[in-house]
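Remarks on the structure that follows.
Reminder, nothing fancy here: chain letters follow the sequence lines and each chain counts from 1. Since we're looking at a predicted model, the values are computed, not measured.
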Protein chains: 2
Amino acid sequence: MDGPQRRIDKLTSILDVAKAMVAQRDLDALLRMIVREAGRVVDADRCSLFLVDREEKVLYSKVAQGMGPSPRIRVPLGVGIAGATARTRRPINLPDAYADSRFNRAVDLSTGYRTTSLLCVPMFNTDGDVAGVIQALNKAGGVPFSDEDEELLLALGGQAASAVENALLHEEIHQLFEGFVKASVVAIESRDSTTAGHSERVARLTLALADAVERDGRGPFAGIVFSPDQRMELRYAALLHDFGKVGVREHVLMKANKFHPHELTLVEHRFDYARKSFEAESLRRQRDRLAAGERLDPVLMDEEAILSAKLRELEAARELVRRCNRPTVLPAGISAPLAQLAALSFLGPDGLPQTLLSAQEVELLSIPKGSLSPAERLEIESHVSHTYRFLKQIPWTRSLRRIPEIACGHHEKLDGTGYPLGKAGQEIGLEARMMAIADIYDALTVSDRPYKRSVSHDDALEILSADVRSGKLDAEVFRVFVEADVPRRFLEDGEERTAERAAAR
Amino acid sequence: MDGPQRRIDKLTSILDVAKAMVAQRDLDALLRMIVREAGRVVDADRCSLFLVDREEKVLYSKVAQGMGPSPRIRVPLGVGIAGATARTRRPINLPDAYADSRFNRAVDLSTGYRTTSLLCVPMFNTDGDVAGVIQALNKAGGVPFSDEDEELLLALGGQAASAVENALLHEEIHQLFEGFVKASVVAIESRDSTTAGHSERVARLTLALADAVERDGRGPFAGIVFSPDQRMELRYAALLHDFGKVGVREHVLMKANKFHPHELTLVEHRFDYARKSFEAESLRRQRDRLAAGERLDPVLMDEEAILSAKLRELEAARELVRRCNRPTVLPAGISAPLAQLAALSFLGPDGLPQTLLSAQEVELLSIPKGSLSPAERLEIESHVSHTYRFLKQIPWTRSLRRIPEIACGHHEKLDGTGYPLGKAGQEIGLEARMMAIADIYDALTVSDRPYKRSVSHDDALEILSADVRSGKLDAEVFRVFVEADVPRRFLEDGEERTAERAAAR
């Protein structure tokens, strides 16, 4: 092959590489591609690549062939061959590197390599700035690098500069998005201190469960693989699964008992008023009986008996209200006294008889378990629809488009008793089934929810297991959750692993 | 120049273009660059470019030389020369387009152009899929396009395919980020219905004001130019300036009067209790006086007089509480009656004397203006610090790094009386000065804040003007705000303009 044709072929191959470089947005993979192709283009034995850190005025290397996976060499601008190339903006082409005083033999000494010929060129970006340098060692055949090699490596370096800056920009924007999502989740969780960190933990647990399901590969999981894009989709869906809580009012979110504190105070005040009202009635009767000529002592004795019976009844009622106000399961046989309670009345400020508790208040106290009225429970449950509406209006990229659906499915149950859509069985995707288990496990084991105490790991598994037996949760997913010991093995060290994996797309 | 050398030069120039294409992430500018360079590489008179829409199975064009700025032609795959190229994945090279039945003469007819030679090549991406086609018309010198032209245009098309997909990805990620930011702002504003849309309006007003300041160019604004990056920074800062309100509790955010409704109810109940207590005391005295042998009529007359005096005093106090509870400016001379109010007492449920209002309640009612206690005002003001902390933890890209500082400065005043840092004069950047005016204007003119009525455009300018005269707001920025009639001219049609500008980076 004659010279021009070889050059045409080389230029054509650089064009092919340039195209592939733009499509490779993972920086490490891109850098490896660049040094590999640089070596091929100039027939070098080894290549390395340094990027310029303009803030710190140093070159740093993330790939150098023959130096292990992460060399992370840092060289001040102007120092050594690479530093000189970056500073002078000119290629350095040495037939024998050892003859040049700028060459640093330390690397050869540490690796046992012997550099002879060396070609180092600047990588110019479109602004004409030096984005880095590419260094090629030992031209094949023991000859020096040619002028044509210099020119070709410069051309490749220019493409590489553009591609590297592009990959860096992608990484930055991706980190910006990830950072914004995480920070808003933290901001929204901060409204309800008792769930701080819940979303991040659910994300970690769900990703760890996805790993375990993939590794398990048995039965329904045969052939299940989560691609990096799918993992990222799952991670964002889990991170954002409770975002809609921003639309639930704080006093509902944080409700500890059936009455809000100020509602209980109001009821207590009403009881105090009734007490005073009974007392006034009694005094009025005493005055009237005295005015009618009765003797004081029998009047006092009668009235004392009537009033104290009234007040005993009142204080018993007050005690019952305090007891029923708690979110624990109501004891059997309490509905009769509660109904009696509703019947108690006194003379109100307007002079008319008034019941001690409104029908609504009695209904609230009759909630068999937990602290929420049906309306409040609906408001809490509405957070899933809020989340869905929020996520639906976001222009997700194609690979993240299922986020709304996944995030919205974590309260659905296999038997159709979940919300918001009451989906059943196969309508609920694998991702939502995994997230449901992660969500319940974390809600149970976290230490400080206002409406209940945390339970131990074993008790949490027992509760989940009951939900599996009653057909609410996926039995196979739960099997993997337990067998792979997902929460204990992955919750601790999970954060970095899943973040790394999400970034490694 | 001989053949191989010319080819080497062409390939080298394609490499240069490839590098520039990667750096151009604005899709329209990129497409214009591609058709321009395509024409140069194959010496064509005109070029056009079609992209494949795989969902809809059509080709669409955003640039065609000689067809105006936005041709937006849509061609089904397989139809015409371009459609055939996309479907067959092979170049079509015609010496005379009119001799080929697939050629559609309609475009020539509508533009008055006469196509002779035509070269159409597929743009292959790195997956080997056809991302689009490039069509070159009328080779210079009236000769047909050569095989070499075909090869060069294919090479350029491959680079273009990578660059276009890269630009589309950038656009998608940018839209995803923008969409997420906007949706979270809407979600957070939804907590307080009275400020819905405030952030978006402040963003539009601030950007419009930046335009006006740039156009004004007088005095301190000589040479002021906001780059696309700076505009985007300003826009996000304005959109997010109230994000920290997520950390302020709802009942403070929404407070309409000095007492929360349930607090007022509690006070009213206490007054009712006091009434009943006075009544009981009176009846007790009547009973005792009758028991001591006094006659009924004089006892009733005395006690009736005493009790009704007490009750008149009580009801006057109740009326005063209701009046002072409103957030309007307290009338002069009201502090004496308020102090008296604090002294009124009655016998409480525990049988001990108790004041009608606690010292804290009297203090709250004595707030001279507005509905917030000093502690609540601090909580509201803390939203700026919350915003700052939120924005600070986000890994902004270099061009957006000043967002936390700008967003955090909108409540600072030139005379140092603002918050959170009490910055003064030149410590407050131009962006924050502009945003301060936009923020106040919108807060004043919006229709339904709970604590005050909206004011007219003219009154809002008058209030801002007073703040300028007292040295709180920037006089020059305000001058431009008024002279350019920023709110009325830009608030209506502003959304698309600023969004377009932000996207046009």
Donor-acceptor list for residues 292-302 of chain A side chains, cut-off 3.5 Å, not counting sequence neighbours:
| residue | atom | partner | partner atom | Å |
| --- | --- | --- | --- | --- |
| A:Glu294 | OE1 | A:Arg289 | NE | 3.1 |
| A:Glu294 | OE1 | A:Arg289 | NH2 | 3.0 |
| A:Glu294 | OE2 | A:Arg289 | NE | 3.0 |
| A:Asp302 | OD2 | A:Arg289 | NH1 | 3.3 |
| A:Asp302 | OD2 | A:Arg289 | NH2 | 2.7 |

Study note, to complete from the structure: Taken in chain and number order and not counting sequence neighbours, the residues that satisfy ring-ring contact (aromatic ring centres under 6.0 Å, His included) with B:Tyr236 are B:Phe177
Practice item. Using ring-ring contact (aromatic ring centres under 6.0 Å, His included) as the criterion, list what pairs up with A:His269, not counting sequence neighbours. Key: none
**Study point:** Short N-O contact, A:Arg284 and B:Glu279, less than 4.0 angstrom
**Key:** yes
Check your understanding: Between A:Glu55 and B:Arg398, is the closest basic N to carboxylate O distance under 4.0 Å?
Key -> yes
First locate atom [atom1] of [X], then atom [atom2] of [Y], and finally report the distance between them rounded to the nearest 0.5 Å.
| X | Y | atom1 | atom2 | value |
| --- | --- | --- | --- | --- |
| A:Arg287 | B:Leu283 | CZ | CG | 5.5 Å |
| B:Ile8 | A:Arg7 | CD1 | CZ | 5.0 Å |
| A:Leu169 | B:Ser399 | CG | OG | 8.5 Å |
| B:Phe180 | A:Gln393 | CZ | CD | 10.0 Å |

Check your understanding: Under 4.5 Å between any side-chain heavy atoms of A:Ile173 and B:His170, yes or no?
Key -> yes
Review point. Non-hydrogen atoms of chain A under 4.5 Å away: do they reach the side chain of B:Leu400, the backbone, both or neither?
Key: side chain
Check your understanding: Given that the side chain runs from C-beta out, which part of B:Arg249 has a heavy atom under 4.5 Å from chain A: side chain, backbone, both or neither?
Key -> both
Practice item. May I ask you to name which of A:Asp127, A:Val181, A:Thr265 has the most heavy-atom pairs under 4.5 Å with chain B? Key: A:Val181
Need one label for [X]: side chain, backbone, both or neither, based on atoms under 4.5 Å from any heavy atom in chain B.
| X | result |
| --- | --- |
| A:Asp288 | neither |
| A:Pro349 | side chain |
| A:Leu240 | side chain |

Check your understanding: If you check every heavy atom in residues 10-20 of chain B against those of chain A, which residues fall under 4.5 Å?
Key -> B:Leu11, B:Thr12, B:Ile14, B:Leu15, B:Asp16, B:Ala18, B:Lys19, B:Ala20
